[in-house]
Amino acid sequence: MKRCDLHIHTVPSVSDCMFTYDKDVLLDYVEKTELDVIAITNHNLFDYSQFQEIKNSLPQIVVLPGIEVDLDNGHILVIANNDDGTLFDFNAKCEEVRNLIKTKDDDISYDTFMRIFGDLSRYLLIPHYEKEPKLHKDVISKLGRNIIAGEVSSVKKFIYMEKKESELTPVYFSDFRIEKGVTPDRYPVSHTFIDIDQVNINSLKLCLMDKTKVSLTSEKGVKLFQIFPNGQMLSTGLNIMFGKRSTGKTYTLNAIASRFSNKAKYIKQFELLNTSSSDSDQFENDLKVRQENSAEEFLHEFSIIVTDMLRTISADEDEIKLQKYIEAVMSSAQQSDINDVFSKSKLFNESNFKEINNDEIKKLVNAIQTLLESQQYKPLVSQYLNNDSLKALLKELIEQYWNNNTINLYYRDVNNMIKMVKDALQLKSAAPRIPNIDLYQYFINKKKREVFSLVAIAIKKNRTISTEKAGHFTISVSARPFVNATDLKSVGLKQVSLANAFSKYSNPIQYLEELKSVGIESDRIHKLFAAIDYNILNSSGLPVSGGERSEFNFLQKIKDAILCDILIIDEPESSFDNLFLKNEVNKFIKEMAENMPVIISTHNNTIGGSIKPDYILYTEKKIDADEVRFNIYSGYPTAKSLEDVNGNSIENYKITLNSLEAGEQAYSERKDIYETLKN
């Protein structure tokens, strides 16, 4: 098995951050991490003379030439053989790339990439796959059989791709900038082991075609990976850490978390205990944020109705318009004797042309576009609707839409001319003019207000919106009427007086008008018709206690870890009882450990023993010449002894019994007590 790091940077470029290269750091990095194969892959450039210097300085390992290319908004590694003939040609091709990438925002197209590199079978191509910036799947598909492996950014993603047959072979490299001042304790250990003897591009490609020949460790089939430069390993599954107080458990967990930066989910000791009112408030706020989608979905259709009502003129305005119209008609009839040549002209009381409403045609266009663009249901749609027919219908509808728009433009021009003529005629005549009114719209508005009132009354009835199980807890989201003006402020309107508005709460139309008048933002008004409550219920259906809140919070944090690359938990037994640990926590942790590394520090036999870990670590504090040093022994749970990175060993049975049971004597005494109680 060869230890490979095929993604190393030694020259800064316009596409990269600035750093100062240090050859001594590279040599030390290769030696300390025991690398067998490296590739120099600078961003969009290849430094021929520097590469030859590096190659000559590392005769004991294989050094391959490469380049990391910005291709169609993604990154891809192009790695070649290191013989002189290949190097000369590869350098020329990389120079073309360098000349095309002038700024950090530049990239090259697929066609340009193909033109530059030509016969891709001569190279090992490794795209950013489960790593940002990812090479788009369409580009990978075009590259076809030239792509056999994909680079990942974490152990978790390596495990995922390794398990899934349809995925590329995963490779995990450092992406390390060989920078002056980097100390050995910060050397990356993101390396891939490949079961290969003679190293060249063809042999590497053959091995990468077989996932069984690729691993995170030197031993095939062993699910471990290196976490520290000193060689310390962790399982890709569930790790349990033991140790006496103040022996470096938390120190080690912190060091592991720092290796994963912001991609580690770290649940620290006592973090979950909610004891103060501020903790309780924070819990309620967190719960509200988590479940806000349920409330938004419930209120979504109502918010559309409210928005429409806000655009609709008020009932008072409609009634004033109607009254003016009726009065003008009556006055005109009563004063017909004073009509003159101006008032008798046809345009004097002419109505405006009503513009065509395009709302329905817009919905049809959007619906057809959705049918045409659907990928998931394309085969089903095609069974019943011919693609060409849909496109033809879409074309017709769009043309009709533009025709309607053209007609509306004519209507507006004509209406403007009618208004100008009517105004001029009115100046010449003493007869009253009948104002323009859209009676159809008047009755539409009236019906809208009636329906809105019914919906607004219905929306605030007591009901459960959604329930969701989380372990033995139930998350309940429910709606109810607001009970007073103070209750209204729970929506977040602390600075606005709502007492007068609430007095009209039973009359939706008046209430809506009052909310508008006090300056509530239009996109928040719909939230003031029904109160939304978020509750966590225990297995008995009752609101959770303070301790149960901590339990629920813990389960949620574990579930949140699915977005991270590692889950770290420091002594969960500090916050919970053994039954909860066994029945709830262990189950969730085991599920998480199937997809990502998990490490737990514990003194508790329910977590440490019953959970059946994949790997054990034991911390020990040593003082040598007044220097405190933390040592780690590790191994499989079934191993007779655990070993540190220097080969020193410690008896597994003894340390496990001491850590989880306070020693063999205490364990035997408790066992006797339990037997006595049982009988």
Side-chain angles (χ1 to χ4, degrees), residues 277-278 280-323 357 359 362-363 366 438 441-466 475-536:
S277 59
S278 62
S280 180
D281 292 342
Q282 184 61 46
F283 175 81
E284 299 298 334
N285 289 333
D286 290 346
L287 177 60
K288 184 176 179 180
V289 169
R290 288 177 183 277
Q291 298 302 316
E292 212 151 45
N293 283 344
S294 296
E296 286 297 331
E297 189 175 334
F298 172 69
L299 292 171
H300 176 67
E301 298 294 335
F302 182 64
S303 71
I304 295 172
I305 297 173
V306 171
T307 301
D308 188 41
M309 286 304 302
L310 291 171
R311 292 172 182 161
T312 303
I313 65 173
S314 69
D316 289 344
E317 290 175 284
D318 262 345
E319 291 304 323
I320 290 170
K321 280 186 177 181
L322 181 62
Q323 190 62 35
N357 189 321
D359 287 349
K362 283 181 184 177
K363 289 178 183 177
N366 290 334
D438 188 341
Q441 190 62 50
Y442 168 84
F443 287 107
I444 287 290
N445 291 347
K446 187 175 181 180
K447 192 64 178 177
K448 275 185 180 181
R449 285 186 281 271
E450 290 174 6
V451 173
F452 172 73
S453 294
L454 293 173
V455 174
I457 290 168
I459 202 80
K460 61 187 180 182
K461 288 182 179 177
N462 287 296
R463 75 187 75 203
T464 299
I465 297 171
S466 68
I475 307 170
S476 172
V477 183
S478 58
R480 61 170 175 80
F482 286 103
V483 295
N484 52 42
T486 303
D487 198 17
L488 279 176
K489 288 184 179 281
S490 64
V491 179
L493 304 167
K494 305 292 185 187
Q495 308 303 318
V496 182
S497 175
L498 296 171
N500 193 49
F502 187 77
S503 67
K504 298 177 175 61
Y505 185 52
S506 59
N507 186 315
I509 296 296
Q510 293 181 12
Y511 181 59
L512 180 65
E513 292 297 325
E514 189 62 34
L515 292 175
K516 281 170 60 178
S517 69
V518 297
I520 306 298
E521 297 95 324
S522 58
D523 60 347
R524 299 186 71 178
I525 287 179
H526 69 280
K527 297 180 180 181
L528 293 166
F529 280 81
I532 306 297
D533 291 331
Y534 306 85
N535 292 299
I536 302 297

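Side chains included, hydrogens not; waters and symmetry mates left out as well; all remaining heavy atoms used.
Between atom OG of residue Ser503 and atom CG of residue Asn484 there is a gap of 13.0 Å, rounded to the nearest 0.5 Å. Atoms OG and NZ, from Ser497 and Lys489 in turn, are 6.0 Å apart once rounded to the nearest 0.5 Å. Rounded to the nearest 0.5 Å, atoms CG (Leu310) and CD1 (Ile305) are 12.0 Å apart. Rounding to the nearest 0.5 Å places NZ of Lys447 at 10.0 Å from CD1 of Ile444. Taken to the nearest 0.5 Å, the CD atom of Glu514 stands 12.5 Å off from the CG atom of Leu528. The CD atom of Gln441 sits 6.0 Å away from the NZ atom of Lys448 when rounded to the nearest 0.5 Å.
At least one side-chain heavy atom of Asp487 sits under 4.5 Å from a side-chain heavy atom of Arg480. The side-chain heavy atoms of Ile525 and Leu512, taken from C-beta on, include a pair separated by under 4.5 Å. The shortest distance between side-chain heavy atoms of Asp308 and Phe452 does not fall below 4.5 Å. Between Phe298 and Ser466, the closest side-chain pair of non-hydrogen atoms is not below 4.5 Å. Looking at Glu513 and Ser314, their side chains come closer than 4.5 Å, going by heavy atoms from C-beta outward. Contact of the Val518 side chain with the Asn500 side chain is not registered, since no non-hydrogen atoms from C-beta on lie closer than 4.5 Å. Here the side chains of Lys504 and Ile509 are not in contact, with every heavy-atom distance at 4.5 Å or above. Between Ile520 and Lys516 the shortest side-chain heavy-atom distance does not fall below 4.5 Å.
Here the closest non-hydrogen pair linking Ser506 and Lys460 is CA-NZ, 4.1 Å. Here the closest non-hydrogen pair linking Ala479 and Ile532 is CB-CD1, 4.1 Å. Here the closest non-hydrogen pair linking Ile459 and Phe302 is CD1-CB, 4.1 Å.
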Could you check Tyr442 against Glu319 for side chain to side chain donor-acceptor pair (under 3.5 Å), going step by step and ending with a plain yes or no? CA-CA 9 Å; Tyr442 168 84; Glu319 291 304 323; 2.6 Å; yes
Stepwise side chain to side chain contact (heavy atoms under 4.5 Å, CB included) test for Ser478 and Asp533: CA-CA 5 Å; Ser478 58; Asp533 291 331; 3.7 Å; yes
Please determine whether side chain to side chain donor-acceptor pair (under 3.5 Å) holds for the pair Glu450 and Ser453, giving the CA-CA distance in whole Å, both sets of side-chain angles, and the decisive distance to 0.1 Å. CA-CA 5 Å; Glu450 290 174 6; Ser453 294; over 6 Å; no
Pair Val477, Thr464 - check side chain to side chain contact (heavy atoms under 4.5 Å, CB included), show working. CA-CA 6 Å; Val477 183; Thr464 299; over 6 Å; no
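The pair Lys527-Glu296 meets the salt-bridge criterion, since a charged nitrogen lies less than 4.0 angstrom from a carboxylate oxygen. By the 4.0 Å N-to-carboxylate-O rule, Lys446 lies too far from Asp318 to be salt-bridged with it. No salt bridge links Lys321 with Asp316; every basic N to acidic carboxylate O contact stays at or beyond 4.0 Å.
Taking the six-membered ring for Trp and the full ring otherwise, Phe482 and Phe502 have centroids separated by 6.0 Å or more.
Between the side chain of Gln510 and the backbone N or O of Asn507 there is no donor-acceptor pair closer than 3.5 Å. No donor-acceptor pair under 3.5 Å is formed between the side chain of Tyr511 and the backbone N or O of Phe529.
Within 6.0 Å of the CD atom in Glu297, the count of heavy atoms belonging to other residues, nucleotides or ligands does not exceed 12.
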